[in-house]
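I have placed the structure first, in the form of structure tokens, so that the comments after it can refer back to it.
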Amino acid sequence: MPLAFIPLIFVGVVSIVILVAVLKAILAPKKTEEVKRLIEEGEYAQAIKIGKSLIDRDNENILAHFYLGKAYMCVKKYQLAMEQFEFLVSKSAFHGSTREIDFRESMAELYLALGQPEEALKEYLLLETLEPKNPTIWVAAGNIFIERGKTDQALKQFNKAIELNGRNAAAREGLAKLLISMKQYIDAKKEISLAIKYEPNKFSNYYYLGKIHREQQNYADAVNAFEKATRDPAFKQKAFLERGICYSATKQYDKAIFEFQRSLSNSKQSDDNDTLYTRYFMAQTYENMRNLDKAIEQWEEISKVKKKFKDVPAKLTEYQDLRANDHMKDYLTSSNAEFIELCKGITVKSFGLAVAESSGVSDCCTIKAVPDAKDTFSNVRTQTTLIYFFRSSDPIPEQFLRRQQEEMKSGAITKCIICTSSIFTSSAEAFAEGRPFELIDKNKLSSIM
């Protein structure tokens, strides 16, 4: 090769190197912005692919790390997102820059997604100093304070957000939730109504309005509010559960069961609280309907995943003898008319008395009984015995016995027999001693049956 060409070749190589460098400098930012655009358009897989390739070429590409982290968050790969953000923290990448606010907001969201509210709160409190006039930040911090039970701090956060923007629906919603937890339902209703006014299509707000109506025993309004709340997929299961509770409270048991079934059909996990509470209230409703087999099925389902949930162990113990004692099952599950006839039969066959009067409601049958005619001499004054049959799970208290003692005096009743499928309180048992009472608890009743 002629020596004259060597300088030309050198100049050409240098030119190519410079050209490549220039092209990289021009194209790299464009590629990085393309990652941002893909995220905004929901093309997360492509955004991740390009973001990773940019970092492979230049690990110091700060924005590529940031957008890659954002893309990972969008597909719920939170640990991978945290790796990108931790790299940026180690580089103090955005400290003091205009992008620091975006970065801190993303970090806070990521911490919440990872179940680290304390770390998220630190980010939001820092953001309050960086962007003090942004009500969204104050609301986010307020919601974390609610979860931590820090009522005073949460109240300050929401009031500050409302001071910045009185029409901020999220601030009104947060304040309403806080007031509900404080049982200040009148003020809570005002706030959630404003939240609905300012953001009518956020249907989760109707859930909180329904909660307020239910607490105030405005069940019809509560049911309507919860129906609107079902339009929010995240609140659908909760709203159906609450509708069931309202119907059960008003003794519309068939409607209640239907709503509980709707709630279970929207359940994602068998062990989450919404599912457990749905089964619990469904069992309670079946118990009130005297459909104890169905109630037991629900208690058993709860026990499979959480053995000590509320009073479920006690309920299963209480009704464990149903299958072994068909007569006791009849006592607990029969219709009102059948229950009265059953109690009459016990009065005649077990107590040897004749029924003079009988009346009853679903949980109690009352009988006035007298000695059988063949056992009574005509010149002997007839003695009347008052008999109560209870099939509620509530213990019989001393106050009930005291009231009966007064009625016995005024009604010329000589003796009172009280039968229950539950128990008597210790004070009731003590009061009965030496007085004309015979107490028959569930064990004695089961033997009689």
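- Looking only at side-chain heavy atoms (C-beta outward), Leu164 and Asn134 stay at 4.5 Å or farther from each other.
- Between Asp232 and Lys202 there is no salt bridge, since no side-chain nitrogen of the basic residue lies less than 4.0 Å from a carboxylate oxygen of the acidic one.
- Taking the ring centre of Tyr277 as origin, the terminal cationic atom of Arg279 falls outside the region bounded by 6.0 Å and 45° from the ring axis.
- Between Tyr67 and Asn61, the side chains place no donor N or O within less than 3.5 Å of an acceptor N or O (distance only, hydrogens not considered).
- Between His213 and Lys189 the shortest side-chain heavy-atom distance falls below 4.5 Å.
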Compile the donor-acceptor pairs under 3.5 Å between side chains in residues 391-402 and protein atoms, sequence neighbours left out, one pair per line.
| from | atom 1 | to | atom 2 | distance (Å) |
| --- | --- | --- | --- | --- |
| Arg391 | NE | Ser362 | O | 2.6 |
| Arg391 | NH1 | Tyr331 | O | 3.1 |
| Arg391 | NH1 | Ser334 | O | 2.9 |
| Arg391 | NH1 | Ser334 | OG | 3.4 |
| Arg391 | NH2 | Ser334 | O | 3.1 |
| Arg391 | NH2 | Ser362 | O | 2.9 |
| Ser392 | OG | Asp394 | N | 3.2 |
| Ser392 | OG | Asp394 | OD2 | 3.4 |
| Ser393 | OG | Lys315 | NZ | 3.1 |
| Glu398 | OE2 | Arg402 | NE | 2.7 |
| Glu398 | OE2 | Arg402 | NH2 | 2.7 |

Going through the checks in order, is the side chain to side chain donor-acceptor pair (under 3.5 Å) test met by Lys70 and Ser106? CA-CA 7 Å; Lys70 296 276 283 185; Ser106 298; 3.1 Å; yes
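- Under the 3.5 Å distance criterion, with hydrogens and angles disregarded, no donor-acceptor pair is assigned to the side chains of Thr385 and Lys368.
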Show the numbers, then the answer: is there a side chain to side chain donor-acceptor pair (under 3.5 Å) between Tyr388 and Gln404? CA-CA 10 Å; Tyr388 286 97; Gln404 299 319 305; 2.5 Å; yes
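- Scanning for ring-ring contact (aromatic ring centres under 6.0 Å, His included) contacts around Tyr198 gives an empty result, with sequence neighbours left out.
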May I have the step-by-step check of salt bridge (charged side-chain N to carboxylate O under 4.0 Å, His left out) for Arg37 and Glu40, ending in yes or no? CA-CA 5 Å; Arg37 178 184 61 78; Glu40 291 171 349; over 6 Å; no
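- Residues Glu438 and Ile418 form no side-chain contact, since every pair of their non-hydrogen atoms from C-beta on lies 4.5 Å or further apart.
- Between Phe389 and Thr347, the closest side-chain pair of non-hydrogen atoms falls below 4.5 Å.
- Minimum interatomic distance between Ala120 and Ala108 (heavy atoms only, all atoms of both residues): CB-O, 3.5 Å.
- Residues passing the salt bridge (Lys or Arg N to Asp or Glu O under 4.0 Å) test with Glu100 are Arg104, sequence neighbours excluded.
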Step by step, would you call Leu112 with Ile144 a side-chain contact (heavy atoms from CB on, under 4.5 Å)? CA-CA 9 Å; Leu112 287 176; Ile144 296 175; 4.0 Å; yes
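- Tyr253 has its ring centre no less than 6.0 Å from the ring centre of Tyr286.
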Decide side-chain contact (heavy atoms from CB on, under 4.5 Å) for Phe240 and Gln261; before the verdict, give the C-alpha distance in whole Å, the side-chain angles of both, and the deciding distance to 0.1 Å. CA-CA 8 Å; Phe240 285 136; Gln261 289 171 340; over 6 Å; no
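- Applying the salt bridge (Lys or Arg N to Asp or Glu O under 4.0 Å) criterion to Lys36, with sequence neighbours excluded, gives no partner residue.
- If you check the side chains of Gln237 and Thr275, you find a donor sitting under 3.5 Å from an acceptor.
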For Cys365 and Ile367, what are the C-alpha separation, side-chain angles and deciding distance, and is it a side-chain contact (heavy atoms from CB on, under 4.5 Å)? CA-CA 7 Å; Cys365 175; Ile367 290 177; 3.9 Å; yes
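- Scanning both residues, Ser446 and Met328, for their nearest heavy atoms gives CA-SD, 4.0 Å.
- Ring planes of Tyr280 and Phe309: perpendicular class, angle over 60° (limits at 30 and 60°).
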Given side-chain contact (heavy atoms from CB on, under 4.5 Å), test Lys190 with Ile212 step by step and report yes or no. CA-CA 10 Å; Lys190 291 178 183 176; Ile212 295 166; over 6 Å; no
Stepwise salt bridge (charged side-chain N to carboxylate O under 4.0 Å, His left out) check, Arg290 with Asp363: CA-CA 9 Å; Arg290 293 288 144 204; Asp363 287 335; 2.5 Å; yes
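- In this structure Ala141 satisfies the side-chain contact (heavy atoms from CB on, under 4.5 Å) test together with Leu121, Tyr124, Glu128, Gln157, sequence neighbours excluded.
- For Lys294, the salt bridge (Lys or Arg N to Asp or Glu O under 4.0 Å) test picks out no residue, with sequence neighbours left out.
- If you check the side chains of Glu407 and Ser410, you find no donor sitting under 3.5 Å from an acceptor.
- In the model, Asp272 has no side-chain atom that pairs as donor or acceptor with a side-chain atom of Gln269 under 3.5 Å.
- Side-chain atoms of His65 never come within 3.5 Å of backbone atoms of Glu86 as a donor-acceptor pair (strictly under, hydrogens ignored).
- Between the side chains of Thr425 and Ser427, at least one donor N or O sits under 3.5 Å from an acceptor N or O.
- With salt bridges taken as basic N to acidic carboxylate O contacts below 4.0 Å, none links Lys255 and Glu259.
- In this structure Lys344 satisfies the salt bridge (Lys or Arg N to Asp or Glu O under 4.0 Å) test together with Glu341, sequence neighbours excluded.
- Counting heavy atoms from C-beta outward, Phe226 and Lys211 have side chains that approach closer than 4.5 Å.
- Ser248 and Thr285 share a side-chain donor-acceptor pair at under 3.5 Å.
- Side chain of Thr333 to backbone of Lys329: a donor-acceptor contact under 3.5 angstrom is found.
- Put simply, the side chain of Asp311 does not reach to within 4.5 Å of the side chain of Pro313, judged on heavy atoms.
- Scanning for side-chain hydrogen bond (donor to acceptor under 3.5 Å, both in side chains) contacts around Tyr247 gives an empty result, with sequence neighbours left out.
- Applying the side chain to side chain donor-acceptor pair (under 3.5 Å) rule to pairs touching residues 138-149 yields Glu118-Arg148, sequence neighbours excluded.
- Put simply, the side chain of Leu114 reaches to within 4.5 Å of the side chain of Gln79, judged on heavy atoms.
- Under the side-chain contact (heavy atoms from CB on, under 4.5 Å) criterion, Ile48 pairs with Lys52, Leu68, Ala71, Tyr72, Val75, sequence neighbours left out.
- Take Phe94 and apply the ring-ring contact (aromatic ring centres under 6.0 Å, His included) test, not counting sequence neighbours, and it matches Phe66, Phe103.
- In this structure the side chain of Asn168 reaches within 4.5 angstrom of the side chain of Val139, judged on heavy atoms.
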Checking Arg214 against Asp221 for the salt bridge (charged side-chain N to carboxylate O under 4.0 Å, His left out) test, could you report, in this order, the C-alpha distance in whole Å, the side-chain angles of both residues, the deciding distance, and whether it holds? CA-CA 8 Å; Arg214 182 168 76 80; Asp221 290 337; over 6 Å; no
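- Listed by chain and number, the residues in a side-chain hydrogen bond (donor to acceptor under 3.5 Å, both in side chains) with Thr230 amount to none (sequence neighbours excluded).
- Under 4.0 Å is where a charged nitrogen must lie from a carboxylate oxygen, and between Arg172 and Glu199 no such pair does.
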